[in-house]
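Side-chain atoms are counted along with the backbone in the values below, which use heavy atoms only and exclude waters and symmetry mates. In what follows, chains carry the letters A, B, and so on, assigned in the order in which the sequence lines appear, proteins first and then strands, with residues in each chain numbered from 1.
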Amino acid sequence: MLQLHKIREDKDTIINALKKRNIDAEPVLSAIIDLDEKRRAIQTELDNTLAKSNKLSKEIGMLFKSGKAKEATALKEQTADFKEASKQLGEELTATSSELQELLYQIPNVPHDSVPAGNSDEDNEEIFREGDIPKLEEGALPHWELAKKYDIIDFELGVKVTGAGFPIYKGKGARLQRALIAYFLDKNTEAGYTELQLPLVVNEASGYGTGQLPDKEGQMYHVQNDDLYLIPTAEVPITNIHRDDILPKESFPIKYTGYTPCFRREAGSYGAHVRGLNRLHQFDKVELVRIEHPDNSYKALDEMTEHVKNILRELRLPYRILRLCGGDLGFTAALTFDFEVFSTAQDRWLEISSVSNFETFQANRLKLRFKDENGKSQLAHTLNGSSLALPRVLAGLLENYQTKDGIKIPEVLVPYCGFDMIN
RNA sequence: GGAGAAAUGGCAGAGUGGUCGAAUGCGGCAGUCUUGAAAACUGUUGAGGGUCACACCUCCGGGGGUUCGAAUCCCUCUUUCUCCGCCA
């Protein structure tokens, strides 16, 4: 959520920046400014009414105390008007405020200066590429075939037990998955991130805090009996740890990592390109979250992308980094770098990590603040990134490391797996 | 799941209808003293709205109600604690 005072002060800058998202924000922003003025006018009027009414009540109290009951009763009659007026003004205020709030919720984050304009993922800007794409031998298979051939992932069984998009990992497949999780967590804690084990369901307030609600309500599984949501990413429980906090300025940097399964309904995304592990309802992910001083957040973003690069280097997977264009940028992000691994047998790039700076957008909803040098409360910056999303890493590994004799395990993972070949 | 108790400022803890945004203690910050530090003493110290700045308004777990007036009374929800039951 954008900050009201910024909209008031920098309306034109915001409108211009949002053009990169192909949004004409002028009407909404004008409506917001009007509503805000209206809200403040009502607030002032209400405050004045309450002030008068408070004063009167105090006088009544004093009169009663000094035994002048008759005069007090006379004054009581005067309060009726104030009561009526403040009730009405209060209702107007609530209505105006929630109208204002709704409009504010509709506006996505303002893209960073470096974000290119563009309509879709085709306009994303490739800024880095590393690793050799292997030449596969004759008869190379996509990962879903390999999964079947070596009996390491059973998609049909998942359908039987739950439904499509809930695969069951078996034997060396399950072990490889566990190895990857342990390896990622080790890399992250070595880099100073504190490991967390998190709830997999969150309440409504947390959903709003990180911005999944209200705009992505349909993408989350909702447990209706208890009004809880299955997390679509560990970002939600992690970032919400500091909801409503005012941190001392020496708290930074705050660096967390956590492994969780992630649950996504993915409503309406069936069709091509969702085969195998490419798109699931439940998948594992190791996440990084940072909470930073505004002056430091872009440095932190760089550190996070370097960190993810290192992991991919160690896994020896060919990857590229994209700077997302305005049209593809997530609702809450100011700047996002996507990491994609080349999936050789499918001959396509698969997104395996997304590293973003949200600046104050989430912090404003979360009321996540810190005390600055002058002792004033200021919104912190939040960032997050995957390190990494498991299924697509697995897909990349299976496809890129396949040989006639089986699937080789990358060297760094062998100690975690306890084997060096799936065959 | 059943029965009871509780929820107040960074923490501890008073306050049971009337200048209470809230005593007191601890902690934090600033100052005095000191070569420096500690101790002692003095002052200061919640958040949000609003204003050029004041004034003023809101907030004592959340929501609703009673009253001229609510931290205080009533209803409701949530959470915590104790006891019982069940259980990984």
Peer 1: Using purine N1 to pyrimidine N3 plus N6-O4 or O6-N4 for Watson-Crick, or N1-O2 and O6-N3 for G-U wobble, both under 3.5 Å, which nucleotide pairs with B:rA47?
Peer 2: B:rU58

Peer 1: What integer distance in Å separates A:Phe370:CZ from B:rA47:P?
Peer 2: 14 Å

Peer 1: With a 3.5 Å limit on both atom pairs, tell me what B:rC68 is paired to, counting Watson-Crick and G-U wobble, or say none.
Peer 2: B:rG18

Peer 1: For A:Gln378, is there any backbone N or O sitting under 3.5 Å from a side-chain donor or acceptor partner on A:Lys371?
Peer 2: no

Peer 1: Just the table, please: protein N/O against nucleotides 76-79 of chain B N/O, every pair under 3.5 Å.
Peer 2:
none

Peer 1: Apply side-chain contact (heavy atoms from CB on, under 4.5 Å) to A:Asp123 and list each qualifying residue two or more places apart in sequence or on a separate chain.
Peer 2: A:Asn119, A:Ser120, A:Cys325

Peer 1: Can you check whether A:Tyr298 and A:His381 have ring centres sitting under 6.0 Å from each other?
Peer 2: no

Peer 1: Measure the distance from NZ on A:Lys52 to C1' on B:rA55 and round it to the nearest whole Å.
Peer 2: 14 Å

Peer 1: Quick one: A:Leu379 CG to B:rA47 C1', roughly how many Å, whole number?
Peer 2: 13 Å

Peer 1: Rounded to the Å, how far apart are A:Met62 CE and B:rC20 P?
Peer 2: 11 Å

Peer 1: B:rG10 pairs with which nucleotide, Watson-Crick or G-U wobble, both distances below 3.5 Å?
Peer 2: B:rC26

Peer 1: Please determine, for B:rA40, whether a Watson-Crick or G-U wobble partner exists with both distances under 3.5 Å, and give it or none.
Peer 2: B:rU32

Peer 1: Taking NZ, NE, NH1 and NH2 as the nitrogens, is one of them in A:Asp34 or A:Lys38 under 4.0 Å from a carboxylate oxygen of the other?
Peer 2: no

Peer 1: Is A:Asn54 near enough to B:rC57 that one of its side-chain N or O atoms lies under 4.0 angstrom from OP1 or OP2?
Peer 2: yes

Peer 1: With rounding to whole Å, what would you report as the distance between B:rG49 and B:rA37 at their C1' atoms?
Peer 2: 44 Å

Peer 1: Could you work out the separation of B:rU32 and B:rG13 based on their P atoms and round it to a whole Å?
Peer 2: 36 Å

Peer 1: Would you say A:Asn48 places a side-chain N or O within less than 4.0 Å of OP1 or OP2 belonging to B:rA55?
Peer 2: no

Peer 1: Could you please name the partner base of B:rC87, counting Watson-Crick and G-U wobble pairs only when both distances are under 3.5 Å?
Peer 2: none

Peer 1: Should the ring pair A:Phe252 and A:Phe370 be called parallel, tilted or perpendicular, given that the plane angle runs from 0 to 90° and is split at 30 and 60?
Peer 2: perpendicular

Peer 1: Could you give the distance separating B:rG62 and B:rC11 at their P atoms, to the nearest angstrom?
Peer 2: 15 Å

Peer 1: Determine, stepwise, if the pair A:Ser387 / A:Asn188 fulfils side chain to side chain donor-acceptor pair (under 3.5 Å).
Peer 2: CA-CA 8 Å; A:Ser387 73; A:Asn188 297 348; 2.7 Å; yes

Peer 1: Tell me the interatomic distance from A:Glu77, atom CD, to B:rG69, atom P, rounded to whole angstroms.
Peer 2: 14 Å

Peer 1: Rounded to whole Å, please give me the gap between CG in A:Asp245 and C1' in B:rA47.
Peer 2: 13 Å

Peer 1: What is the base-pairing partner of B:rA5, counting Watson-Crick and G-U wobble geometry with both distances under 3.5 Å?
Peer 2: B:rU80

Peer 1: Which residues satisfy the side-chain hydrogen bond (donor to acceptor under 3.5 Å, both in side chains) test with A:Asn364, sequence neighbours excluded?
Peer 2: none

Peer 1: Which protein N or O atoms sit under 3.5 Å from an N or O of nucleotides 65-68 of chain B?
Peer 2:
from: B:rC68; atom 1: O4'; to: A:Thr79; atom 2: OG1; distance (Å): 3.3
from: B:rC68; atom 1: O2'; to: A:Ser57; atom 2: OG; distance (Å): 3.0

Peer 1: Rounding to an integer number of angstrom, what distance separates B:rU72 and B:rG65 when you compare their C1' atoms?
Peer 2: 15 Å

Peer 1: Please state whether the phosphate of B:rA47, meaning OP1 or OP2, lies under 4.0 angstrom from any side-chain nitrogen or oxygen of A:Lys371.
Peer 2: yes

Peer 1: Apply the test side chain to side chain contact (heavy atoms under 4.5 Å, CB included) to residues A:Asp121 and A:Asn124: give CA-CA distance (whole Å), side-chain angles for both, the deciding distance (0.1 Å), then the verdict.
Peer 2: CA-CA 5 Å; A:Asp121 55 2; A:Asn124 293 337; 3.7 Å; yes

Peer 1: Please give, in whole Å, the distance from B:rG9 P to A:Asp244 CG?
Peer 2: 14 Å

Peer 1: Do any pairs count as a salt bridge (charged side-chain N to carboxylate O under 4.0 Å, His left out) and have a residue in residues 285-302 of chain A, sequence neighbours left out, and if so which ones?
Peer 2: A:Lys285-A:Glu287, A:Arg290-A:Glu292, A:Arg290-A:Glu303, A:Lys299-A:Glu303

Peer 1: When you compare B:rU76 with B:rA22, how far apart are their P atoms, in angstrom units rounded to a whole number?
Peer 2: 32 Å

Peer 1: Any side-chain to backbone donor/acceptor pair from A:Glu45 onto A:Leu89? Under 3.5 Å, distance only.
Peer 2: no

Peer 1: Quote, to the nearest angstrom, the C1' distance that separates B:rA38 from B:rC57.
Peer 2: 45 Å

Peer 1: Which whole number of Å gives the distance between the C1' atom of B:rU19 and that of B:rG69?
Peer 2: 12 Å

Peer 1: Classify the ring geometry of A:Tyr193 against A:His307: parallel below 30°, tilted from 30° to 60°, perpendicular beyond 60°.
Peer 2: tilted

Peer 1: So does A:Gln177 get a backbone contact from the side chain of A:Asp284, meaning a donor-acceptor N/O pair under 3.5 Å?
Peer 2: no

Peer 1: Going by purine N1 to pyrimidine N3 plus the second Watson-Crick contact, or the G-U wobble pair, all under 3.5 Å, which nucleotide sits opposite B:rC52?
Peer 2: none

Peer 1: Evaluate the ring planes of A:Tyr416 and A:Tyr183, with Trp represented by its six-membered ring, and classify them as parallel (under 30°), tilted (30 to 60°) or perpendicular (over 60°).
Peer 2: perpendicular

Peer 1: Hey, does the Lys NZ or Arg CZ of A:Lys172 hover above the aromatic six-ring of A:Phe419, less than 6.0 Å from the centre and inside 45° of the axis?
Peer 2: yes

Peer 1: All N/O contacts under 3.5 Å from nucleotides 48-52 of chain B to the protein, with atom names and distances to one decimal?
Peer 2:
from: B:rG48; atom 1: OP1; to: A:Arg369; atom 2: NH1; distance (Å): 3.3
from: B:rG49; atom 1: O2'; to: A:Arg39; atom 2: NH2; distance (Å): 3.4
from: B:rG49; atom 1: N2; to: A:Asp47; atom 2: OD2; distance (Å): 3.2

Peer 1: Please report the distance separating the P of B:rU80 from the corresponding atom of B:rC74, rounded so that it comes out in whole Å.
Peer 2: 24 Å

